[in-house]
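To start, the structure under review is shown below, and the notes come after it.
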Amino acid sequence: MTGDTHYDLEILAELAEGLLDDATALEVRSHLAICDACGESLAGLAAVRELLSAVPVTAMPLGVAMRIDRALESEAERGGLRLVEAPDWDEIMKDSPWEQPAPEPQPAPVVPLTARRKKPRRTWGMPVAAAAAAAVVFGGVGLATQFVASGSGDGGVTVAGPAVSPEKSPLKTAESAWAVRASGHNYTSRELNGPLLGYFGPEPGTGSNSDEQTDKCVARKANELDRQPIAVDRAFYNGQDATIMAFWEDKTINAVRVVVVGSNCHSLRPEGLATWN
Amino acid sequence: MLTRHIEGDTTAFSEIVKRHRDRMWAVALRTLGDPDEAADAVQDAFVSAYRKAESFRGDAAVTTWLHRIVVNACLDRMRRKSVRPVADDELIEAAERDMPLPDQTAEREVSLEVTAALKLLPADQRAALVLVDMMGYSVEDAAAVLDVPAGTVKSRCARGRAKLAPILSHLRNRTDLTRVSSPKGAQLRDG
């Protein structure tokens, strides 16, 4: 009660909601029977409910509805990732060296392997994508190095490991290796949200790692994401020179993170997800 | 419908959105009092619902579940940053966007004043009043949405009304409060 004369609004509101114990409620009701001011206050509380309920319901503005529809469409595209089945490794690996006759020797630039490669050299014949996939399947980038950086004087070598030496690499691991492709394709944002394997493979990449700037950039991004890229393509994005990198995001759902950078290694597009199929 | 969505029916969630979006919009707009914030909150909520669909256990109505997500999205936004005060001209502009009919001036004024007053309340009281007094839900339904006991909803409503009463007292005797938005409002109006 206020000054032993009137009850405050909160007590009256609690009375109206049936929140007061019986004794207090009886006391307040007795007071209300003789106090016009408190009665008025109680009526004021009821009026608040009426005012609140009188605010008209408005339909969602069309612009907001459209915006939500777009957001959900985008989510559906991403959500579709959950429904993508496991990659068809038989299909992906059908061009693998052990499935194909050795290619005819052809003059081609040879990029020497780093000194850490100890195992016997193999003739290149494996798609970049398959090599990258194999690297993941077999659980080690060291194997990927073995597959993608292959061949020497016997020709046919178009793919190589990183130009930066393990010692100079900013990566946490010294086993960095990726295949650089130079498709020259002019990617659109839509394409980079969809299946990517068709752009990165299945034919072997034709680029090399002779571009130290590119390699440094790839190494930097790999370090930032704490994982090796499974494919790198020197191409275009919306007409600009760009390097497109794909990193596994979630192999179980076939999802890859796509990084697009320009010539100065600055991002041309926010990182996004795509599918590796 | 939600089951169809979970099972991969790509049209099912769109149907859910169409069915509930106006109601969700009303809740968000009234809770946040800012059309832009409300749009963001509803979008976040629907995207979140889309992602969380598989976690829906069916122990509550889909409507309650959606309301909970929307209200939580609103409360999150209010907690993350205090929603900036809305200038009068913005409120008028928003009201005109939402209520384009020219003969609703009085209603618009009431709406603007109520919206401004609601923003003075703590978030939990505001959310409770929006659901119970403005949307006309039962205390039990509001409690389910807010995931608190019914007594807590009543208490929040009581404290909220007590704070609003002096602020809105000048609107009490308006005779133009004939249009109501909820059964509860009709009941209060008609006795």
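Proteins get letters first, then strands, A, B, ... in listed order; numbering begins at 1 in each. Model, not experiment: these values are computed from the prediction.
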Rounded distance (nearest 0.5 Å) linking atom CG of B:L168 with atom CD of A:E50: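 Atom-to-atom, B:L168:CG and A:E50:CD are 12.0 Å apart.
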
Roughly how far, to the nearest 0.5 Å, is the CG atom of A:L45 from the OG atom of B:S169? 11.0 Å

Chi angles and distances behind the side-chain contact (heavy atoms from CB on, under 4.5 Å) call for A:L52, B:L164: CA-CA 10 Å; A:L52 293 177; B:L164 290 180; 4.1 Å; yes

For [X] and [Y], which heavy atoms make the closest approach, and how far apart are they?
X	Y	result
A:L19	B:G151	CD2-O, 4.1 Å
B:A158	A:A13	O-CB, 3.2 Å
A:I68	B:F46	CG2-CD1, 3.9 Å

Is a side-chain N or O of B:R30 found less than 3.5 angstrom from the main chain of A:V55, in a donor-acceptor match? yes

I'd like to know if the side chain of B:D22 reaches the main chain of A:M60, judged simply by a donor and an acceptor atom lying under 3.5 Å from each other, with no hydrogens or angles considered. yes

The test is salt bridge (charged side-chain N to carboxylate O under 4.0 Å, His left out); show your working for B:R161 and A:E17 and say whether it passes. CA-CA 11 Å; B:R161 289 183 201 122; A:E17 277 298 324; 2.8 Å; yes

Counting only heavy atoms not in A:D21 (residues, nucleotides, ligands), do more than 12 fall under 6.0 Å from its CG? yes

Checking B:V42 against chain A: side chain, backbone, both or neither under 4.5 Å from a heavy atom? both

Please flag which part of B:V47 lies under 4.5 Å from any non-hydrogen atom of chain A: side chain, backbone, both or neither.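 Looking at B:V47, backbone and side chain both touch chain A.
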
Does the side chain of A:V48 come within less than 4.5 Å of B:K163's, by heavy atoms? no

